[in-house]
Amino acid sequence: MTQKFLDVTQQANVMLVQKHLTEKSETKIGEISNELAKLKSSQDEVAVLISEAYSLFGSIEDTDSEEFIILSREFFADYDEEFYFIDNEGYILEDKPKKYHQIELLEVIDYNAEENWDDIYSVYEQYALRNDIDLSNDPFKKLMSESQRIEFEQMVKQDFTYQKAQCDKYDYMLAVTCGALSGIIDICFVSFKLGSGNKGNVDVIDNGPLTKSADKLVDQAVIKFAKLVGWEGSRDGKDTIQSAIGFLEKKYRINYDHRHTADVGSLFSMNTKNHHIMSLGHSPDIVGLFFSILDQFTSQAHFIADGKLVSVDSEFKLKGGNFIAKIFCGFANWLGHLFSDIAGSSGTRGQFPNRRGSGIPIPFYSLLQLLDFGKFNVNDKDKGSFAQACVMAFQKGYDARHGLAMAVPVLICELLTRLMYLVKQKFYHKKSWADSTPSMDKPEVVRMLLVSHGTLSLIDAGHAGFKSGGNLVAFIMQSNVIAYARFATVALKEVKNWYYVGKVDPEKIESYLDDEYARMLSS
C-alpha cells in the first residue's frame, strides 16, 4: 500500500470513529429528552396534586389535627406512596432514596490540535479499541448507508469519470466544416508562393498576406520594446526598424551569438542565415531559456550540428551581485537578444529593406535538427537528411514570424469549433449556458476538435504534398507545423479519454473539492 492510500484510510478510520461518537451523542440526546419528558409529566401531576390539596385543605380549616392527618393520608395515598406525614403542619418525602434513571457521561476524544497526525490517530485507535470499533476492514463501506453509497457511486460515475464522447452526425459535420474553412484560409492567406531558383533550390517568390501582416506586427513590437528599454529613436527622427534592432543588438550582447564556421573553430559548418536555428539559446521557448542562462553562467555556447549537441567555449561575464541577480540578468539578456533577432539583423534590414532577414525559429523547431536521418530531395540534384531540410526551410523564411501567421487559421479552427459546440448545445439541445461551455473536460468537445484540426491538417498536408513536387524543403515550407502540433495535442487528449473511459478522473474531483471548499468559505 502506498503512503497516500494509508493516509486516506487513516482519515476514513477517524471519520468512522467520529461517526460512532455522533451516533452515541444522538442516542444520549434522545435519552435526555425522554427523561426530561418524564420529569415534566411528574411536575404536571404534582401541580395538579397540590392544586387539589389546597382545595381540600381549605375546606377543612376547622378540622382537628387527627382528622386532618387521617384525611391527608387518605388523599395522598391515591397519588404517591412516598408521601409520609410527620405532623399536623404538613408532609415531607419519606426518608429513602427515590429511583431515578442514571444517564452515563458521554466519552469524548481529547487531544492537542498541535500534535502530529500519528499521535492524534493513536488517540482515535485507543477509543476504537475501548468501544469495539473494527478498523481492520474497509472503513468506507461503514461510513455510508446502502442508499447513500448507491447515490455516491452514481454521482462519481456521472460527474467524475472519463466518459465516452456522445457526438451525433451534426457534431461531426460541424467539425469538418470548421476544419475545412480553416484549411482554405491557411492555403489562401498563409502559404508561401514558391519557385525553383538557381540549381533547383527552392526560392520564395512571395509571402502570404498573413505572413506579411505578421512581419509588420513584429517590426512594431521590436520598435516598442526598444523604446521601453531606452531607445530614443534614430538620428533622422524616423523610428526605423534597423535603428531599433541596432540599439538592441548593442544593449543585449550574449556569448552564444557565433555567426560563421570560423567562430566555432571549424567544428561544424555555419553561416549568418542558419546560426539562429543552430544556436539553442536563440530558441524562444523553455529550451532556449535554459541553454541561454546555462551558456551565460558557464561561458559556453551550445549548438545542434549534424544531429548532435555541440558546446563551444566563449568568454563572457554575467552581471549581477548575487545568484538571483545573475539569473535575472541572464533572462533579460535572453529576452532582449531575441527581440534584436526576431525581425532580422540591423545590417540586412538596413542594406536590403525589402528582405525579411534571418529571424528566430518557431518554438521547439530547433529540436528537429536532432532528427538527422534519411536522404530526401532538397533540390533538383542534392539529397539531405530531415534535419538539413528543416534548417534549409528556416533559411528560406520558415521562422517565428511565419509561425505567427500559421497560428491564425489554427486559432480560427479552435474558436469556430468551440463556438459551434456552444451554439448547438444551447439552442438545439436546450441546455443552460453553463452546461454548454465548450471546455476540454467534455469528451464531445475533444472529439469535435480532433475532427476539425484533423481536417485542417489533412488539407494542409495535401496542399503541401501537391505543391512540393517531392521536395522536402518545399513540403516543410508549405506545411503548417502549428496545425500539426495542435492536432497532436488534441489527439493525445482523445487517446487518454478513450483509454480511461469509466475510470475516475482525479482532476475533476480536485476541481469539485476546490469549488466546494470555496463555497463553504464564502457562505
Using only atom types and a distance under 3.5 Å, with no angle test, would you say the side chain of [X] pairs donor to acceptor with the backbone of [Y]?
| X | Y | result |
| --- | --- | --- |
| Y365 | C390 | yes |
| S182 | V410 | no |
| W433 | K426 | no |
| Q369 | S366 | yes |
| N471 | V378 | yes |
| T489 | R486 | yes |

In the structure I gave you, are the side-chain heavy atoms of [X] and [Y] within less than 4.5 Å of one another anywhere?
| X | Y | result |
| --- | --- | --- |
| Q395 | V391 | yes |
| K193 | K467 | no |
| K442 | T437 | yes |
| L194 | V204 | yes |
| S345 | E249 | yes |
| D186 | I459 | no |
| F247 | V229 | yes |
| I342 | V222 | yes |

Let me see the working for D460 and N480 under side chain to side chain donor-acceptor pair (under 3.5 Å), right down to the final yes or no. CA-CA 7 Å; D460 179 83; N480 191 329; 4.9 Å; no
Spacing of [atom1] belonging to [X] relative to [atom2] belonging to [Y], to within rounding of 0.5 Å:
| X | Y | atom1 | atom2 | result |
| --- | --- | --- | --- | --- |
| S358 | R356 | OG | CZ | 9.5 Å |
| H402 | D399 | NE2 | CG | 8.5 Å |
| K424 | M173 | NZ | CE | 11.0 Å |
| L335 | L248 | CG | CG | 10.0 Å |
| L267 | T261 | CG | OG1 | 10.0 Å |
| L289 | L338 | CG | CG | 9.0 Å |

Contacts satisfying ring pair (Phe, Tyr, Trp, His ring centres under 6.0 Å) that involve residues 248-286 (not counting sequence neighbours) are Y256-H282, H258-F303, F268-F303, H275-H282, H276-H282, H282-H337
Distance-minimising heavy-atom pair for [X] and [Y]:
| X | Y | value |
| --- | --- | --- |
| I476 | Y398 | O-CE1, 3.2 Å |
| G179 | T455 | C-CG2, 3.8 Å |
| T417 | C178 | OG1-CB, 3.5 Å |
| G330 | S292 | O-OG, 4.3 Å |
| N255 | Q300 | ND2-O, 3.0 Å |
| V218 | A343 | CG1-CB, 4.1 Å |

Before you tell me yes or no, could you show the steps for T177 and L416 under side chain to side chain contact (heavy atoms under 4.5 Å, CB included), namely the whole-Å CA-CA distance, both residues' side-chain angles and the distance that decides it to 0.1 Å? CA-CA 10 Å; T177 302; L416 197 57; over 6 Å; no
So with a 6.0 Å cut-off around [atom1] of [X], is the heavy-atom count from everything else above 12?
| X | atom1 | value |
| --- | --- | --- |
| F189 | CZ | no |
| K503 | NZ | yes |
| F297 | CZ | yes |
| F466 | CZ | no |
| Y172 | OH | yes |

Please name all residues satisfying side-chain hydrogen bond (donor to acceptor under 3.5 Å, both in side chains) with S436, sequence neighbours left out, ordered by chain then number. none
Begin with the C-alpha distance, continue with both residues' side-chain angles, and end with the deciding distance and a verdict on side chain to side chain contact (heavy atoms under 4.5 Å, CB included) for N333 and F316. CA-CA 12 Å; N333 285 341; F316 186 78; 4.2 Å; yes
Could R447 and D171 be called an ion pair, given the rule that one side-chain N must be under 4.0 Å from one carboxylate O? no
Return the set of residues passing salt bridge (charged side-chain N to carboxylate O under 4.0 Å, His left out) with D306 (not counting sequence neighbours), or none when no residue passes. none
Test side chain to side chain contact (heavy atoms under 4.5 Å, CB included) applied to W334 and I254, step by step: CA-CA 8 Å; W334 173 72; I254 39 79; over 6 Å; no
Take F290 and L280 through the test side chain to side chain contact (heavy atoms under 4.5 Å, CB included) and record every step on the way to the result. CA-CA 9 Å; F290 171 78; L280 286 173; over 6 Å; no
